[in-house]
Number of protein chains: 2
Amino acid sequence: MLSAVTDKPTKKRSRKAGHQAPEGYDASAYPTFSVTVDVVIMSVVDGQLMVLLVQRQADPYKDAWALPGGFKQPDESLDAAAFRELREETGVDAPKHLAQFATYGDPARDPRGNVVTVVYLAVTPEVGSIEAGTDADDARLWPVSSVLDGDVALAFDHERILRDAVERAADQLEGSDLATAFVGPTFTLSELQSVYEAIWDDQLDTGNFRRSLSMGSPDASYVVSTGERAAAGPKGGRPPELFEAGDAWIDGSPVKRAKRRTTKQSEQRMNSGNE
Amino acid sequence: MLSAVTDKPTKKRSRKAGHQAPEGYDASAYPTFSVTVDVVIMSVVDGQLMVLLVQRQADPYKDAWALPGGFKQPDESLDAAAFRELREETGVDAPKHLAQFATYGDPARDPRGNVVTVVYLAVTPEVGSIEAGTDADDARLWPVSSVLDGDVALAFDHERILRDAVERAADQLEGSDLATAFVGPTFTLSELQSVYEAIWDDQLDTGNFRRSLSMGSPDASYVVSTGERAAAGPKGGRPPELFEAGDAWIDGSPVKRAKRRTTKQSEQRMNSGNE
DNA sequence: ACAATAGTGTCTATTAGACAATATGTA
DNA sequence: TACATATTGTCTAATAGACACTATTGT
């Protein structure tokens with residue numbers, strides 16, 4: 001039937017711009033769903049990619065770990081819901097990055113059925129403020145590698161979501177300024193390099209890495225020296241210079257991922273398979 | 001409140017895995033939404049990027065053009081819903097690309113409220129079969145440039161969705177084999193080049209373009225000659241060789257977009273703004 | 001012959017990869 | 001001094017950009 005699009009079935013819908021579901025409607029022809037917003041919030045700590053998880057108290061998947069998230073309210077946008085849930089459940093109120101990345105709606109993904117979830121990818125450099133959730137019950141950072149190795153039982157389809165999110169982050173690292181979201185307002189180049197290495201799970205040549213970052217145009221550079229220096233590490237070493245992000249990131253990251261000539265992964269086109 | 005995640009508010013939910021909305025529920029604490037699936041299906045015709053639109057018959061935005069789409073059913077996945085709607089409304093049953101790309105849920109996006117839509121990006125090379133929708137009422141291809149210039153009145157927030165979709169397609173063109181989805185099983189290099197040029201709205205050097213495509217590894221190349229040749233055009237010219245896509249596209253396209261040093265577009269990180 | 005489209009070659013500038021060498025701190 | 005980390009430099013390979021040139025068709 002080629003006809004009304006994004007449209008309720010052509011019945012007489014006698015309701016206004018109210019946000020509630022209509023009174024008398026045929027549920028089979030006019031299905032409704034719960035809509036939740038989940039947030040994959042990442043950070044790199046000591047060269048390791050971490051993800052913030054909260055422990056469930058309620059019954060389905062009780063005690064399992066899950067992505068922070070919750071219900072979209074009828075009067076808020078998806079973006080607003082993501083901000084709100086992130087703040088409410090983890091205390092993080094100013095992530096350096098927060099953007100939608102995929103939506104999951106498989107009928108079987110929630111045992112209670114009919115729950116469509118819009119997932120956001122968030123990034124924050126600071127770790128200290130993370131666990132200081134409002135009235136935090138149990139929220140903590142887990143190494144992504146451990147979680148994806150199955151060391152932690154995740155609720156619902158959250159393991160798959162996490163896997164997809166990490167993959168997306170790795171892609172975006174190459175085409176955007178996402179890397180700078182993992183570090184503070186000032187940072188050392190080693191710190192920044194460790195972000196790339198953690199997410200790509202690969203070693204980068206230090207010299208080449210630094211050269212890439214110094215390659216912006218004269219007016220818009222990738223990193224700008226602050227003149228300051230951080231303290232040397234406990235085991236010594238030359239104190240690193242502190243930089244801040246420049247304006248050149250608009251065209252994406254100057255650091256390119258090495259060709260992964262690993263497993264010739266099969267066709268990935270038709271249906272990236274968000275569900 | 002850090003607690004139940006992706007969880008209904010902790011009330012006694014006395015329902016099974018049924019797919020209908022629960023009987024007696026507090027709508028404010030337990031809101032539900034209509035979920036639709038819309039499809040931005042693109043094609044390149046005569047060097048011009050086109051999008052398939054259908055004309056609305058029902059009241060909100062009656063007679064306006066809209067993206068094909070419709071309701072997700074409770075027992076189907078989002079991907080399945082996208083396939084179904086695409087087939088039902090446009091007759092396209094085998095797009096060469098179909099993948100989710102963003103979800104829109106602003107409370108004001110539908111005058112009737114509470115409609116969250118999951119949008120898919122589809123690509124097909126063939127034009128002939130497109131308009132042969134099952135019982136097509138009015139569906140046709142429009143030049144994307146015209147539509148985005150406001151020459152066509154689009155329903156809901158579909159103009160914005162289209163704009164986002166085109167941008168996404170342009171990005172993916174660089175990092176995937178998306179370009180090959182716009183051409184048939186065999187194609188000429190000029191055809192393939194016109195795909196890039198249409199979507200990036202830029203001219204590419206023919207020589208350099210062809211060199212890029214010839215640059216895959218010995219075992220996995222980007223294009224493989226079929227030995228065949230297409231007929232020359234009406235105005236003459238050397239008959240072009242026909243190629244088919246090789247296995248080298250796994251690492252993305254060998255054709256890179258020129259740096260667009262145009263308007264120094266403002267920060268695009270926090271909230272790409274899907275709504 | 002001439003116009004039109006397809007396809008090749010060549011020179012140079014830029015960028016990427018490997019790796020050596022130097023600088024400056026702590027134990 | 002020994003060690004550890006930071007920072008710079010150098011040589012070479014690969015890729016990108018600009019552009020000239022050849023090839024094969026239709027009118």
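We name chains A, B, ... by the order of the sequence lines, and we start the count at 1 in each one.
- Glu244(B) pairs with exactly one of Val223(B), Thr180(B), Val224(B), Val183(B) by the side chain to side chain contact (heavy atoms under 4.5 Å, CB included) rule, that one being Val224(B).
- Residues Val255(B) and Trp200(B) are in side-chain contact: their nearest non-hydrogen atoms beyond the backbone lie under 4.5 Å apart.
- Sequence neighbours left out, the pairs with a member in residues 212-241 of chain B that pass ring pair (Phe, Tyr, Trp, His ring centres under 6.0 Å) are Tyr222(B)-Trp249(B).
- Applying the salt bridge (charged side-chain N to carboxylate O under 4.0 Å, His left out) test to Glu159(A) and every residue at least two apart in sequence or in another chain returns Arg163(A).
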Apply side-chain contact (heavy atoms from CB on, under 4.5 Å) to Met42(B) and Leu49(B), showing your working. CA-CA 7 Å; Met42(B) 300 175 169; Leu49(B) 180 62; 4.1 Å; yes
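- For DNA chain C, the outermost nucleotides in 5' to 3' order that have an atom under 4.0 Å from a heavy atom of chain B are dA4(C) to dT10(C).
- Each of Gly237(A) and Leu189(B) was matched to the nucleotide of DNA chain C holding its nearest heavy atom; the match closer to the 5' end belongs to Leu189(B).
- Using a 4.5 Å heavy-atom threshold, the side chains of Leu141(B) and Val51(B) count as separate.
- Ser190(A) comes within contact range of the sugar-phosphate backbone alone, with a heavy-atom separation under 4.0 Å but no base atom that close.
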Encode nucleotides 8-18 of chain D as B, S and - characters from 5' to 3', where the letter depends on protein heavy atoms closer than 4.0 Å: B to the base, S only to sugar-phosphate, - to neither. B-B-----BBB
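- Residues satisfying the side-chain contact (heavy atoms from CB on, under 4.5 Å) criterion with Pro143(B), sequence neighbours excluded, are Gln48(B), Met50(B), Ser145(B), Ser146(B).
- With sequence neighbours excluded, the residues satisfying side-chain contact (heavy atoms from CB on, under 4.5 Å) with Glu197(B) are Gln193(B), Gln203(B), Leu204(B).
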